Amino acid sequence: HETLGSTYQGLGLLRKAGPHYARSLELRRTALGENDPDTLLSMVNLANTLRAEQKFDEATAMSLTAWEGLKRARGENHRDTLIALALRAQIEQERGRLAEAEALFRDVARLGEAIPADDDQAPMWYSSLGQLLQVKGDLAGAEPHVKRGVERALAAFGEDHPTTHMCMSALSQWHMARREFPQAEE
């Protein structure tokens, strides 16, 4: 079920992924226990589908439980723990709680420095923080984060990787917000 859920998620069909993630979570709870890291990752995946369905209360509760469990099981700066924390930040942002989202994204970016350079999630965390600051109107504050995302992505993956493209897009949007159109096109 986890594989089907992740396949649907990869296709952008989160609503179809949800039932598979729910069944996977059920199976993992039974086989591995509530606090097993794989069970907790299933929780993160299901919480993400709940977020996509705008079931924010459920998504928040589940992502918080998963984050707390992963922090205990794997440590606060483990990739899986940071994915759960980034999801919490994303949920808060989508709820319009920008101050809470910013604090969480800042924690993710700070802790993400310990993540290996070739991890495809880490550059996105910087870009997400930069984009949030841009939404808040803090273009000066956004700059180092969107640029850090691009730097990490380029160093790890080069120019032709999807993560690099996403980070470059965030940088381009930042330039456009500053009305720096020639730089946005680069």
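Computed from a prediction, not measured in an experiment: that's the story for all the values here.
- Salt bridge Lys71/Glu76: absent, no basic N to carboxylate O contact under 4.0 Å.
- Looking only at distances, no side-chain donor or acceptor of Ser63 sits under 3.5 Å from a matching main-chain atom of Val44.
- Contact check on Glu68 versus Arg72 returns no salt bridge, with no Lys/Arg side-chain nitrogen under 4.0 Å from an Asp/Glu carboxylate oxygen.
- Electrostatic pairing of Glu102 and Arg106 counts as a salt bridge here, judged by a charged N lying under 4.0 Å from a carboxylate O.
- Put simply, Met62 and Leu70 are part of the same group of oily side chains (I, L, V, M, F, W, Y) that touch within less than 4.5 Å, one to the next.
- Interatomic distance, OG of Ser24 versus CE of Met43, reported as 11.0 Å (0.5 Å rounding).
- Panel note: side chain Thr39, backbone Gly33; a donor-acceptor pair is recorded below 3.5 Å.
- There is no side-chain donor-acceptor pair under 3.5 Å between Gln183 and His175.
- Distance alone, capped at 3.5 Å, places no donor-acceptor pair between the Thr163 side chain and the Ala153 backbone.
- For the pair Thr49 and Leu46, the minimum side-chain heavy-atom distance is below 4.5 Å.
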Test side chain to side chain contact (heavy atoms under 4.5 Å, CB included) on Asp36 and Arg28; report intermediate values, then the result.
CA-CA 8 Å; Asp36 184 84; Arg28 287 184 175 184; over 6 Å; no
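- Looking at Glu2 and Ser42, their side chains come closer than 4.5 Å, going by heavy atoms from C-beta outward.
- Across all non-hydrogen atoms, the minimal contact from Asn77 to Ala114 is ND2-CB, 3.3 Å.
- With a 4.5 Å cut-off on side-chain heavy atoms, Gln121 and Leu82 do not count as touching.
- One finds the CG atom of Asp118 at 9.5 Å from the NE2 atom of His161 (value rounded to the nearest 0.5 Å).
- When hydrophobic clusters are built by joining Ile, Leu, Val, Met, Phe, Trp and Tyr residues whose side-chain heavy atoms come closer than 4.5 Å, directly or via intermediates, Leu87 is not grouped with Phe105.
- Atoms CG and CG, from Leu41 and Leu25 in turn, are 11.0 Å apart once rounded to the nearest 0.5 Å.
- With hydrogens and angles disregarded, no donor-acceptor distance shorter than 3.5 Å links the side chain of Arg23 to the backbone of His1.
- Geometrically, Arg148 engages Tyr126 in a cation-pi contact defined by less than 6.0 Å to the ring centre and at most 45° from the axis.
- No donor-acceptor pair under 3.5 Å is formed between the side chain of Thr164 and the backbone N or O of Asp160.
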Evaluate salt bridge (charged side-chain N to carboxylate O under 4.0 Å, His left out) for Glu151 paired with Lys147, printing each intermediate quantity in order.
CA-CA 6 Å; Glu151 289 168 7; Lys147 287 183 175 180; over 6 Å; no
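- Using a distance-only test at 3.5 Å, with no hydrogens or angles considered, no donor-acceptor pair links the side chain of Ser172 to the main chain of Met168.
- Cluster membership for Trp174 and Trp125, using ILVMFWY side-chain heavy atoms within less than 4.5 angstrom, is not shared.
- The two residues His78 and Ile115 make their nearest non-hydrogen contact at C-CD1, 4.1 Å.
- For the residue pair Leu132 and Ala101, the shortest heavy atom distance occurs at CD2-C, 3.6 Å.
- Distance check, rounded to the nearest 0.5 Å: CZ of Arg74 to CG of Leu40 gives 8.5 Å.
- Remark: the backbone N or O of Gly75 is paired with a side-chain donor or acceptor of Thr81 at under 3.5 angstrom.
- Between the side chain of Thr65 and the backbone N or O of Ala61, at least one donor-acceptor pair lies under 3.5 Å.
- Criterion: ILVMFWY side-chain heavy atoms under 4.5 Å apart, direct or through other members. Under it, Met124 and Phe157 are not part of a common hydrophobic cluster.
- Nearest heavy-atom pair across Ala73 and Pro37 is CB-CG, 4.0 Å.
- Taking hydrophobic clusters as Ile, Leu, Val, Met, Phe, Trp and Tyr residues chained together by side-chain heavy-atom distances below 4.5 Å, Met166 does not share a cluster with Val146.
- Residues Val108 and Leu129 form no side-chain contact, since every pair of their non-hydrogen atoms from C-beta on lies 4.5 Å or further apart.
- The distance from the CD atom of Glu159 to the CG atom of Leu154 is 6.5 Å, given to the nearest 0.5 Å.
- Rounded to the nearest 0.5 Å, atoms OG1 (Thr60) and CG (Leu50) are 9.5 Å apart.
- A salt bridge is defined here as a Lys NZ or Arg NE, NH1 or NH2 lying under 4.0 Å from an Asp or Glu carboxylate O, and Arg79 with Asp119 meets this definition.
- In terms of heavy-atom proximity, Ala170 sits nearest to Gln134 at O-OE1, 4.4 Å.
- A salt bridge links Asp57 and Arg95; the closest N-O separation between the charged side-chain nitrogens and carboxylate oxygens is under 4.0 Å.
- Centroid-to-centroid, the aromatic rings of His20 and Tyr8 come within less than 6.0 Å.
- Here the closest non-hydrogen pair linking Gly149 and Cys167 is O-SG, 3.7 Å.
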